[in-house]
2 protein chains.
Amino acid sequence: MTVQPDTETTPARGKRPKQGEPVVDRALSLLAVFSDRRRALTLSEMARYAGMPAPTALRLIARLVAWGALERLDDGRYVVGVRLWEVASLSPRGHGVREIALPYLEDLFEVTRHHVLLAVRDNEEAVLIERLSSKDATEVAYRVGGRAPLRSTAVGLVLLAGADQQFQEAILRKPPENEPGVPDMPEGQVRRTLSDVRRTGIAMIRRSLPSRTVSVASPVFDAQGSVVAALSIVVPDGSTPPNVLAPAVRATARAVSRNLGHHAEVSPDVRTHSQG
Amino acid sequence: MTVQPDTETTPARGKRPKQGEPVVDRALSLLAVFSDRRRALTLSEMARYAGMPAPTALRLIARLVAWGALERLDDGRYVVGVRLWEVASLSPRGHGVREIALPYLEDLFEVTRHHVLLAVRDNEEAVLIERLSSKDATEVAYRVGGRAPLRSTAVGLVLLAGADQQFQEAILRKPPENEPGVPDMPEGQVRRTLSDVRRTGIAMIRRSLPSRTVSVASPVFDAQGSVVAALSIVVPDGSTPPNVLAPAVRATARAVSRNLGHHAEVSPDVRTHSQG
DNA sequence: CAATACTATTCCAACCAATGAAAGTCGGCT
DNA sequence: AGCCGACTTTCATTGGTTGGAATAGTATTG
């Protein structure tokens, strides 16, 4: 044997090749490995996806489980825990708006019996906060907790139109992402559309791909007059005409806004008259 | 001057009195400071409630904000972020059951126009996963994301009745907590009630305090036959008689169970016959 | 307007919690 | 029995973490 027996002492313990990421970030990255498709994961899967050695993952996961951010199933796999959900339910832009909006969404849903959506903007995407759907009714669209592009969805356009100018420009500068099923608009048309949305309080999008549908969305304002959410209805193309839906959607959105403390002006583009 | 000038060197930097809590735990404790009443907090508030020095809190909060677990408002305060809500929406026992149950809850709500609740058990309490309420209708009860006691609520009794024997005993051994507005039952009566709940699939509770209401709850089973949630309806006392509500609640709960892959047996307490 | 009180942020040297290779354990499969 | 994969425990090393102190910013008060 060419192996050196050396001594009884452990050869090379604690020899970290090198690292350098805050522990908190690592812990959070362990939460981030979960997704719509990955709702229950084993230790080794989590370690692999999060890019860290199993022992490290185990140690961090143990803390997360102890707190309730994760739960362990009988088969040893981990899932997101109720405790995390509980804290998350305090998110003003998550459950916050939802809580206030829900009764109004229900009314709209009950009358129309079509998908009713509520979304907020997170960075460059829309996040679906709520979706009411009759169990029998129409096709699927987006999942609650899921994300949707800003430029090619009705809620996205409403949120984009309500964002600050600087952000809008940044988005518009980016090349379109060619969302399948939605005709992508050239930049100029997007600008005109956003302007229309601001003026009319309504965005409309036709998509063909998951199925032929029409979405009509309207902005929800907070007390400061900022657009905090977008409310929309999704109907099969050809069922109810959009111009019939628009007033209902707009009225519902305004009702929610009012409950958020927003005092609607006569119309945003009429204010300039008062300057004369 | 009795003060020792000593040298120019910094006197006593980095002199930690001592500590010893995992960083992850500290970060999580910063999430835990949020509550129904505290949805937006300043740095110093968070540091105070979490019991740590401001610089430490700031450093950890910075990581949480970077990831999206927290968001910073214009006024400098922090709130729970949408990203956290997004991950939490993957919680099987949180949004998971909710997603499946919602259409059925809506049906029940639409027919009755009374509060419809969905709850799961987390440790020794019930956590409210969903609540449908008409905006005009009745008084408030519990908040979505909030907690309710097991022994003195209808959903709680259902969840307790469906828990494993060992856990039930542990709860029963504890002295009752004297929930105001609910007549507290002696241990024997609780046992009988739990037995009844298992047999009939219905729990019923009258409370007087937030207002005079009757709650009727029924268990939701998963594919393995475990009770994973409780579904209930809350009506003003004296409106609809409970025995009229029970079938509707039970039917809704069974519909949800079926969608979770549960194959209902004829009746749990009849199975013994097949042994003959 | 200075003084006071508070919160937020930056700095940094000491140090302890975090680290991960290695080894041990468990369970399944051949 | 032997192999393989996932999970868990151990432990010497060390770099990320720590919090007092200093600084900057903000609101309140005399």
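Note that the structure is a prediction, hence the values are computed from the model and not measured. Note on naming: letters A, B, ... go to the chains in the order of the sequence lines (proteins, then strands), and numbering restarts at 1 for each one.
Qualifying side-chain contact (heavy atoms from CB on, under 4.5 Å) partners for A:A50, counting only residues two or more places apart in sequence or in other chains: A:S29, A:L30, A:V33, A:M52. Applying the side-chain contact (heavy atoms from CB on, under 4.5 Å) criterion to B:Q166, with sequence neighbours excluded, gives B:D164. By the salt bridge (charged side-chain N to carboxylate O under 4.0 Å, His left out) test, B:R151 pairs with no residue at all, sequence neighbours left out. When the side-chain contact (heavy atoms from CB on, under 4.5 Å) test is applied to B:P103, the partners found at least two apart in sequence or on another chain are A:K135. Shown here are the salt bridge (charged side-chain N to carboxylate O under 4.0 Å, His left out) partners of A:R59, two or more places apart in sequence or in another chain: there are none. The salt bridge (charged side-chain N to carboxylate O under 4.0 Å, His left out) test applied to B:E130 returns A:R98, B:R98, not counting sequence neighbours. The side-chain contact (heavy atoms from CB on, under 4.5 Å) search around B:T42 returns B:S44, B:E45, B:R77, not counting sequence neighbours.
Considering CD of A:E71 and OG of B:S91, their distance stands at 6.0 Å, rounded to 0.5 Å.
In this structure, CE of B:M52 is placed 13 Å from P of D:dG20, rounded to the nearest angstrom. For B:L60 and C:dA18, the CG to P distance is 11 Å, given to the nearest whole Å. Note: CG (A:L30) to C1' (C:dA18) measures 14 Å, nearest angstrom. Rounded to whole angstrom, the span from the CG atom of A:D25 across to the C1' atom of C:dT19 amounts to 16 Å. Here D:dC7 presents its P atom at 13 Å from CG of A:L73, a figure rounded to the nearest Å. C:dA18 atom C1' lies 13 Å from atom CD of A:E21, rounded to whole Å.
Of the candidates D:dT17, C:dG20, D:dT18, the closest approach to any side-chain atom of A:V23 belongs to D:dT17.
Between B:H95 and A:W85, the ring planes lie perpendicular to each other; the angle is over 60°, past the 30° to 60° tilted range.
Contact check, A:R59 against D:dC11: no side-chain N or O comes under 4.0 Å of OP1 or OP2. Regarding contacts with the backbone of D:dG16, every side-chain N or O of B:R26 stays at 4.0 angstrom or more from both OP1 and OP2.
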Within the sub-3.5 Å range, which N or O atoms of nucleotides 7-9 of chain C have a protein N or O partner, and how far apart are they?
from  : atom 1 : to    : atom 2 : distance (Å)
C:dA8 : OP1    : B:L43 : N      : 3.1
C:dA8 : OP2    : B:S44 : N      : 2.5
C:dA8 : OP2    : B:S44 : OG     : 2.8
C:dT9 : OP1    : B:R72 : NH1    : 3.0
C:dT9 : OP1    : B:R72 : NH2    : 3.4

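Taking five base pairs at each end of the helix from C:dC1-D:dG30 to C:dT30-D:dA1, the local helix axes there meet at an angle of 40°, rounded to 10°.
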